A.B. asks: 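Submitted below is the structure of interest, expressed as structure tokens.
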Amino acid sequence: MTGGEQTAGRETGAAPVLLGVRHHGPGSARAVRAALEEVRPRVVLIEGPPEADALIPLAADEEMRPPVALLAHAVDEPGHSAFWPLAEFSPEWIALQWALEHHVPARFIDLPAMHTLAWGRQDDEAGTAGERPPPAETAPDGDTGPGPAELRIDPLGVLADAAGYDDPERWWEDVVEHRGAGEGDALAPFTALEEAMGALRETYGSGGHDRDLVREAYMRLQVRAAQREFEDGVAVVCGAWHVPALRQKTTVAADRALLKGLPKVRTDMTWVPWTHRRLARTSGYGAGIDSPGWYGHLFSAPDRPVERWLTKVAGLLRAEDRIVSSAHVIEAVRLAETLAAMRGRPLPGLGETTDAVRAVMCEGSDVPLALIRDRLVVGGELGEVPPSAPAVPLQRDLTRLQRRLRLKPEALERELELDLRKENDAARSRLLHRLRLLGIAWGEPAASRGSTGTFRETWRLRWEPELSVRVAEAGVWGTTVLSAATAKAEADAVGAEGLAGVTGLAERCLLAELPDALPTVMRVLADRAALDTDVAHLAQALPALVRSLRYGDVRGTDTAALAEVAAGLAERVFVGLPPACAGLDADAAEEMRGHVDAVHGAVALLGDAPAAGHGRLRGRWQSVLRVLSGRDTVPGVIRGRAVRLLLDDGQLAQDEAALLMGLVLSPGTPPADAAAWIEGFVGGGSGGGMLLVHDERLLGLVDAWLTGVPAEAFTDVLPLLRRTFSAYEPGVRRTLGELVRRGPGTGGGATAAGTATPGFAADFDTERADAVLPVVRLLLGLDDMDDYTEDNDLAGVTG
């Protein structure tokens with residue numbers, strides 16, 4: 001039926017006004033507004049889940065700011081969910097706003113979400129989930145709705161191809177976004193789209209997606225019901241693809257037959273914030289657009305959109321310290337308009353403005369264009385929903401904490417530096433750690449800059465829309481973040497498979513400050529540690545357990561019980577490590593070398609922990625290292641590492657280390673074993689290169705051994721040696737090369753009489769070492785810690 005027949009039908013009170021749109025199209029949004037102003041319907045029907053009808057009044061709330069989305073999730077399985085996103089330039093959002101402003105009823109008429117989610121669950125059980133878009137992102141027109149992916153045509157792509165365009169986005173801009181909204185006849189754009197879609201439906205039918213037929217049957221029933229209630233005052237806003245099907249003459253019985261026996265699940269629905277980034281096709285959203293930021297600009301710009309857009313681009317580039325003047329903007333506008341004229345376009349589009357920016361503002365470079373695309377073309381807008389929107393109790397508690405801690409969710413990634421000595425920062429840290437334990441990855445820990453102390457943390461924060469689903473999912477553990485994280489930690493401890501998993505969980509409980517969960521975690525930890533006899537497992541679990549002891553001072557947590565378990569675990573490692581290191585192959589020896597390093601660091605922390613009171617552990621561990629360094633049955637890489645650790649701790653004199661190296665590098669030792677010993681002693685990123693630079697005796701031993709390796713064995717040891725020395729810093733490798741070229745010891749090093757080479761001596765130069773202490777204290781933040789301690793002492797005295 002044509003647009004003229006549509007108007008005539010409206011006059012006789014028979015046919016509804018069907019406004020076919022492109023979801024998230026600013027041109028469609030403007031056209032919908034103009035059409036509704038002209039038609040003045042008595043009810044507005046909108047494609048969307050009818051369970052959301054009760055949420056429509058919230059769209060008028062002052063605190064509601066798009067982009068937002070309707071979120072539906074199964075009550076018994078919150079992780080099974082679907083979104084219906086709406087931006088400020090979405091035609092459905094404009095239709096809602098028009099209805100609310102004019103006090104006209106608005107209703108959603110698409111297939112209920114209870115059926116949509118049930119379809120998705122069936123597909124998951126059938127193993128087709130990997131063949132369809134993610135169930136958590138469902139387009140309002142169902143283009144990515146739950147269901148097996150079949151051969152699906154792209155209506156815009158077909159129409160663009162018929163018009164001679166190779167890009168559907170560019171075709172849509174030319175025929176819709178850059179045209180007037182039905183000048184003279186507000187229904188003209190919809191008439192043209194309906195005719196085009198009608199031709200496509202005649203050719204392609206359902207386009208390869210039979211579930212569209214079920215949805216359209218339900219929509220026809222809802223339209224009929226509205227016509228009986230409001231007669232000739234019905235307007236329908238839906239995807240243009242569905243208009244021919246809604247116009248189709250069918251019987252009520254036939255439509256109901258299609259709906260008979262549909263699966264369903266109990267469903268909850270609410271509004272959640274959305275982002276422009278999630279509207280982009282690159283995010284995997286099937287009904288998305290390439291440039292939501294650009295479309296938002298086209299919709300909101302009152303006039304001169306190209307000039308305003310290029311001014312935005314210039315402002316962004318200036319903020320990034322690029323030299324962009326007003327003359328650049330003027331020239332870019334001229335170039336964009338010239339390109340549009342040459343390409344036969346009514347107005348410059350995103351392609352023309354991007355080409356102009358590249359040529360004029362970026363000097364031909366594509367590097368700044370990546371920033372422009374991320375910040376402006378896609379954009380980082382994050383919507384807001386009012387507190388009155390329905391939410392699970394956990395979401396309400398999280399919102400309360402976010403406001404109290406002044407930690408606002410943002411779509412763009414940002415770094416957050418926390419000083420745990422400050423109460424608000426400590427509370428922020430606890431919240432982020434608790435959310436991570438619940439699987440809500442709002443923040444990811446990052447390496448702190450300027451300090452390696454335990455009182456500083458760095459986080460990278462970014463709020464993604466699907467985190468709302470994770471919050472709903474985590475709601476089964478509790479009504480508050482604290483109670484939910486506690487219950488989840490206890491359940492994870494009981495269900496953990498390995499000892500290392502439990503020790504890591506204990507560390508996370510301390511970071512998240514979950515005192516009620518620690519007894520359960522500690523009980524499981526003690527039971528698992530008592531039963532596990534694998535030394536590798538014990539050595540792997542010890543470091544995380546010992547690291548947890550550091551948090552007692554900063555976070556005020558009692559770690560005495562943790563220290564007792566850690567000390568017992570360390571004793572078991574000491575007893576079992578020497579026999580466990582015997583007879584290992586190369587790969588197993590390399591893995592065990594890593595465990596030895598981890599245990600060494602853990603023992604150093606455990607020996608210093610006030611809660612532990614186990615200073616004797618260091619002596620026990622050094623005895624174990626001596627055993628490892630002297631046993632021939634222990635692989636060379638572990639023996640070499642044991643010698644190096646003893647040397648670094650001052651438990652082995654340099655002369656003794658040189659003697660041990662000389663014995664290993666003697667002609668009687670197989671070259672492969674000697675090479676492995678060298679890797680353990682000076683490899684692994686442990687500063688071995690600097691050791692060789694500053695001790696020419698050791699360098700001389702290595703050099704003499706290397707030059708004496710037989711030719712037939714050299715190719716066998718070469719990969720191991722290259723791996724060892726390639727890990728050194730370039731400056732260290734260069735210095736070693738110069739020393740070897742000169743010849744170790746010939747330059748008057750520690751073994752030469754007379755003048756000495758700087759950096760080589762029989763003992764440390766304490767005066768030179770003291771000179772760098774102020775810089776070291778500054779880098780480690782020790783001066784800040786001293787100031788903090790002094791302030792607290794002064795406060796205690798004056799208080």
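Note that the structure is a prediction, hence the values are computed from the model and not measured.
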A.B. asks: Of all the heavy-atom pairs spanning C509 and A489, show the shortest one and how long it is.
C.D. replies: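 In terms of heavy atoms, the two residues are closest at SG-CB, 3.7 Å.
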A.B. asks: Under the criterion side-chain hydrogen bond (donor to acceptor under 3.5 Å, both in side chains), which of R22, H23, H24 is the partner of S90?
C.D. replies: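 Of the listed options, the one satisfying the test is H24.
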A.B. asks: Determine, for R470 against E464, whether the closest basic-nitrogen to carboxylate-oxygen distance falls under 4.0 angstrom.
C.D. replies: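 Result for this pair is no, no salt bridge flagged.
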A.B. asks: Are the side chains of R224 and V252 in touch, meaning some heavy atoms are under 4.5 Å apart?
C.D. replies: yes
A.B. asks: Less than 4.0 angstrom from a charged side-chain N to a carboxylate O is my criterion; do D110 and R215 meet it?
C.D. replies: yes
A.B. asks: Are any of the side-chain nitrogens in D255 or R220 under 4.0 Å away from the carboxylate oxygens of its partner?
C.D. replies: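 So D255 pairs with R220 through a salt bridge.
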A.B. asks: Evaluate the criterion side-chain contact (heavy atoms from CB on, under 4.5 Å) for residue pair L45 and V237; output intermediate values, then yes/no.
C.D. replies: CA-CA 6 Å; L45 307 182; V237 178; over 6 Å; no
A.B. asks: Counting heavy atoms not belonging to R400, are there more than 12 under 6.0 Å from its CZ?
C.D. replies: yes
A.B. asks: May I ask you to establish whether R201 and W241 are in a cation-pi arrangement, using a distance under 6.0 Å from NZ or CZ to the six-membered ring centre and at most 45° from the ring axis?
C.D. replies: yes
A.B. asks: Does any non-hydrogen side-chain atom of L510 lie less than 4.5 Å from one of L518?
C.D. replies: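 Answer yes - side chains close enough.
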A.B. asks: Do the side-chain N and O atoms of T399 and Q395 include a donor-acceptor pair separated by under 3.5 angstrom?
C.D. replies: yes
A.B. asks: Salt bridge check: are E413 and R277 linked by an N-O gap of less than 4.0 Å?
C.D. replies: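 So E413 does not pair with R277 through a salt bridge.
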A.B. asks: With side chains defined as the heavy atoms from C-beta onward, is the minimum distance between L514 and R434 less than 4.5 Å?
C.D. replies: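 A side-chain contact under 4.5 Å exists here.
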A.B. asks: Just how far is it from atom CE of M219 to atom CD of E47, taken to the nearest 0.5 Å?
C.D. replies: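 Atom-to-atom, M219:CE and E47:CD are 5.0 Å apart.
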A.B. asks: Do W271 and P390 have side-chain heavy atoms sitting under 4.5 Å apart?
C.D. replies: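 Of all side-chain heavy-atom pairs linking P390 with W271, none is under 4.5 Å.
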A.B. asks: Side chains of P386 and E62: closer than 4.5 Å at any heavy-atom pair?
C.D. replies: no
A.B. asks: Testing the basics here: between S388 and L58, what is the closest heavy-atom pair and its distance to 0.1 Å?
C.D. replies: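 Minimum heavy-atom contact is OG-CD2, 3.3 Å.
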A.B. asks: Once you round to the nearest 0.5 Å, how far does OG of S28 lie from CD of E92?
C.D. replies: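 Those atoms lie 9.0 Å apart.
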A.B. asks: Please check if the side chain of R396 supplies one atom and the backbone of P387 the other of a donor-acceptor pair under 3.5 Å.
C.D. replies: yes
A.B. asks: Look at R278 together with E466 and state whether they make a salt bridge at an N to O cut-off of under 4.0 Å.
C.D. replies: yes
A.B. asks: Say you draw a straight line from CD of E381 to CG of L279; how long is it, rounded to the nearest 0.5 Å?
C.D. replies: 11.0 Å
A.B. asks: Start with the C-alpha gap between W274 and L71, add the side-chain angles, then the distance that decides, and say whether side-chain contact (heavy atoms from CB on, under 4.5 Å) holds.
C.D. replies: CA-CA 10 Å; W274 200 252; L71 164 63; over 6 Å; no
A.B. asks: Quick one: are P41 and L36 in side-chain contact, heavy atoms under 4.5 Å?
C.D. replies: yes
A.B. asks: Side-chain contact, heavy-atom cut-off 4.5 Å: I46 with C238?
C.D. replies: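 No, too far: nothing below the 4.5 Å cut-off.
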A.B. asks: When rounded to the nearest 0.5 angstrom, what distance separates CG in L461 from CG in L416?
C.D. replies: 5.0 Å
A.B. asks: Between E444 and R460, does any NZ, NE, NH1 or NH2 come within less than 4.0 Å of an OD or OE carboxylate oxygen?
C.D. replies: no
A.B. asks: Could you check if a side-chain atom of F299 sits within less than 4.5 angstrom of a side-chain atom of R30, using non-hydrogen atoms only?
C.D. replies: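 Yes, their side chains come closer than 4.5 Å.
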A.B. asks: When you look at L19 and V236, which way does the side-chain contact (heavy atoms from CB on, under 4.5 Å) test go after all the steps?
C.D. replies: CA-CA 6 Å; L19 305 178; V236 181; over 6 Å; no
A.B. asks: Return the minimal non-hydrogen interatomic distance between A196 and L159, and the atom names on each side.
C.D. replies: CB-CD2, 3.9 Å
A.B. asks: Of all the heavy-atom pairs spanning V481 and D397, show the shortest one and how long it is.
C.D. replies: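 Between these two residues, the closest heavy atoms are N-OD2, 2.8 Å.
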A.B. asks: Main chain of A512, side chain of R430: is a donor-acceptor contact present, judged purely on distance under 3.5 Å?
C.D. replies: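 Between the backbone of A512 and the side chain of R430 there is no qualifying donor-acceptor contact (under 3.5 Å).
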A.B. asks: Write down the atom of L412, the atom of R462, and the distance for their closest heavy-atom approach.
C.D. replies: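 Shortest heavy-atom separation between L412 and R462 comes out as C-NE, 4.4 Å.
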A.B. asks: Classify the side-chain pair S483/T480 by whether it contains a donor and acceptor separated by less than 3.5 Å.
C.D. replies: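 There is such a pair (donor and acceptor under 3.5 Å, judged by atom type) between the side chains of S483 and T480.
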A.B. asks: State the NZ-CZ distance between K408 and R403, to the nearest 0.5 angstrom.
C.D. replies: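 Answer for the NZ-CZ pair, K408 versus R403, is 10.0 Å.
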A.B. asks: Taking all heavy atoms of V32 and all of F190, pick out the closest pair and write down the distance.
C.D. replies: N-CZ, 3.7 Å
A.B. asks: If only side-chain N and O atoms count, and only distance matters, is there a donor-acceptor pair under 3.5 Å linking E37 with W98?
C.D. replies: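 There is such a pair between these side chains.
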A.B. asks: Indicate yes or no for a side-chain donor-acceptor contact from T267 to the backbone of H73 under 3.5 Å, with no hydrogens or angles considered.
C.D. replies: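 Here the side-chain-to-backbone pair does not exist.
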A.B. asks: Would you call E88 and R65 a salt bridge, using N to O less than 4.0 angstrom?
C.D. replies: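 No, E88 and R65 are not salt-bridged.
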A.B. asks: Can V75 and V265 be said to form a side-chain contact (heavy atoms from CB on, under 4.5 Å), step by step?
C.D. replies: CA-CA 8 Å; V75 173; V265 296; over 6 Å; no
A.B. asks: Assess R211 against W119: is NZ or CZ under 6.0 Å from the centre of the six-membered ring, and within 45 degrees of the ring's axis?
C.D. replies: yes
A.B. asks: Measure from the ring center of W294 to the ring center of H276 and say whether it is less than 6.0 Å.
C.D. replies: no
A.B. asks: Out of curiosity, M114 CE to D268 CG, how far, rounded to the nearest 0.5 Å?
C.D. replies: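 Going from CE on M114 over to CG on D268, the span is 13.5 Å.
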